[in-house]
Protein chains: 2
Amino acid sequence: MARELLESEGSVGLSMRRLADRLGIRAPSLYSHFADKQALENALIADGLREFGELSLTAIQDDDPVAAYLVAYRTWANAHPHLYRLSYVEPLDSRVDPAAAERAGEAIRILTRGDQRAGRSLWAYAHGLSMLELDSRFGPGATVDDVWQFGIDALRAALRPQGG
Amino acid sequence: MARELLESEGSVGLSMRRLADRLGIRAPSLYSHFADKQALENALIADGLREFGELSLTAIQDDDPVAAYLVAYRTWANAHPHLYRLSYVEPLDSRVDPAAAERAGEAIRILTRGDQRAGRSLWAYAHGLSMLELDSRFGPGATVDDVWQFGIDALRAALRPQGG
DNA sequence: GTCTATATCAAGATAGAC
DNA sequence: GTCTATCTTGATATAGAC
């Protein structure tokens, strides 16, 4: 329910009062379930990280795992834009379940065979493109598909076993 | 003055009241200078975009323009983290001076010789890496320099005249 | 686990005088 | 261009009863 609210109204719309309204209870009652608002957000974030972790691990079972990973990443970000922002913009709160965060990064570690430098570059590209796309930074009506493809080609080349 | 406040306190710290305090006036007086808060932010953003535009145009006068551009981008983001976020996270308000936005993108257009696809990929990488670095997403004490270098190499290869 | 009542705070913005 | 006074809104969170 909190997730539906987040996705329909954005981060600013996710207030204790509005969430309580949707649940048909009063805001103070929420504090029986979550210590504070951050705890509520952390639960949402952890759920999302776990979900994306599963999704991306499935995606890289593909002939072209780099391309498949990036497509899965983009698809996730576009399907859950506000949850994506909540999860990836601003430092991660230290109380977010570490296992969830670990799960979200698993696919990229497999993909880059533990090369942290390559993994972080891949993540950065996916994150940057997702953010710019979500923020409509390429102008209205821009075709973003081929931008993703450009990076897919560049990164696949950089990640070739012999090259990386 | 607004910029100093933004950089020292972050976006949330940039309120009409706090800015007025710093200026030694009362908050309502600000509305003689700016129609609303968004107009104030837009002025800050336009200033930043122009500054980065000049800076990046100078940077690409280099033997290795791709590397120099990325270094300049990273340096700018790290030197003005809150202005960077204000300028590049969330859609750009339509009332921001278009000439400033155009100027900020000039260097990348030159660098990629007008190839929009390549230019947007380059921007996405720089943006993603900047954001993840500003948000401390690589963990405490992570070495980010070599991550940037990985992307520099990958993008330089992808942008070679014969390759792109 | 939920309620009412309330504390506390801070935000953007306007009216109208000087 | 600045002021005082004020409006309006909405947020997180706590105390204590049921």
Test of understanding: with salt bridge (charged side-chain N to carboxylate O under 4.0 Å, His left out), list the residues that count as partners of [X], not counting sequence neighbours.
| X | result |
| --- | --- |
| A/R22 | A/E9 |
| B/D62 | none |
| A/D63 | none |

Could you tell me the separation between the [atom1] atom of [X] and the [atom2] atom of [N], rounded to a whole number of Å?
| X | N | atom1 | atom2 | result |
| --- | --- | --- | --- | --- |
| A/I25 | C/dC3 | CD1 | C1' | 11 Å |
| A/E9 | D/dA11 | CD | C1' | 16 Å |
| B/D21 | C/dA10 | CG | P | 11 Å |
| A/L30 | D/dT14 | CG | P | 13 Å |
| A/R26 | D/dT12 | CZ | P | 16 Å |

If the condition is side-chain contact (heavy atoms from CB on, under 4.5 Å), which residues does A/V96 pass it with, not counting sequence neighbours?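 Expected list: A/N42, A/I45, A/A46, A/L49, A/L92, A/D93.
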Who are the side-chain contact (heavy atoms from CB on, under 4.5 Å) partners of B/S136, not counting sequence neighbours?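 side-chain contact (heavy atoms from CB on, under 4.5 Å) check on B/S136 returns nothing, list empty.
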OP1, OP2 of C/dG1 versus side-chain N and O of A/S29: anything below 4.0 Å?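 Looking at the OP1 and OP2 atoms of C/dG1, neither is under 4.0 Å from any side-chain N or O of A/S29.
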Close N/O contacts between protein and nucleotides 12-18 of chain C (under 3.5 Å):
residue: C/dG12; atom: OP1; partner: B/K37; partner atom: NZ; Å: 3.0
residue: C/dG12; atom: OP2; partner: B/M16; partner atom: N; Å: 3.0
residue: C/dG12; atom: O6; partner: B/R17; partner atom: NH2; Å: 2.4
residue: C/dA13; atom: OP2; partner: B/Y31; partner atom: OH; Å: 3.1
residue: C/dA13; atom: OP2; partner: B/K37; partner atom: N; Å: 3.0

Before accepting this row, confirm whether a basic side-chain N of the pair A/E54/A/R103 lies closer than 4.0 Å to the acidic partner's carboxylate O.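 Looking at A/R103 together with A/E54, the answer is yes, because their closest N to O distance falls below 4.0 Å.
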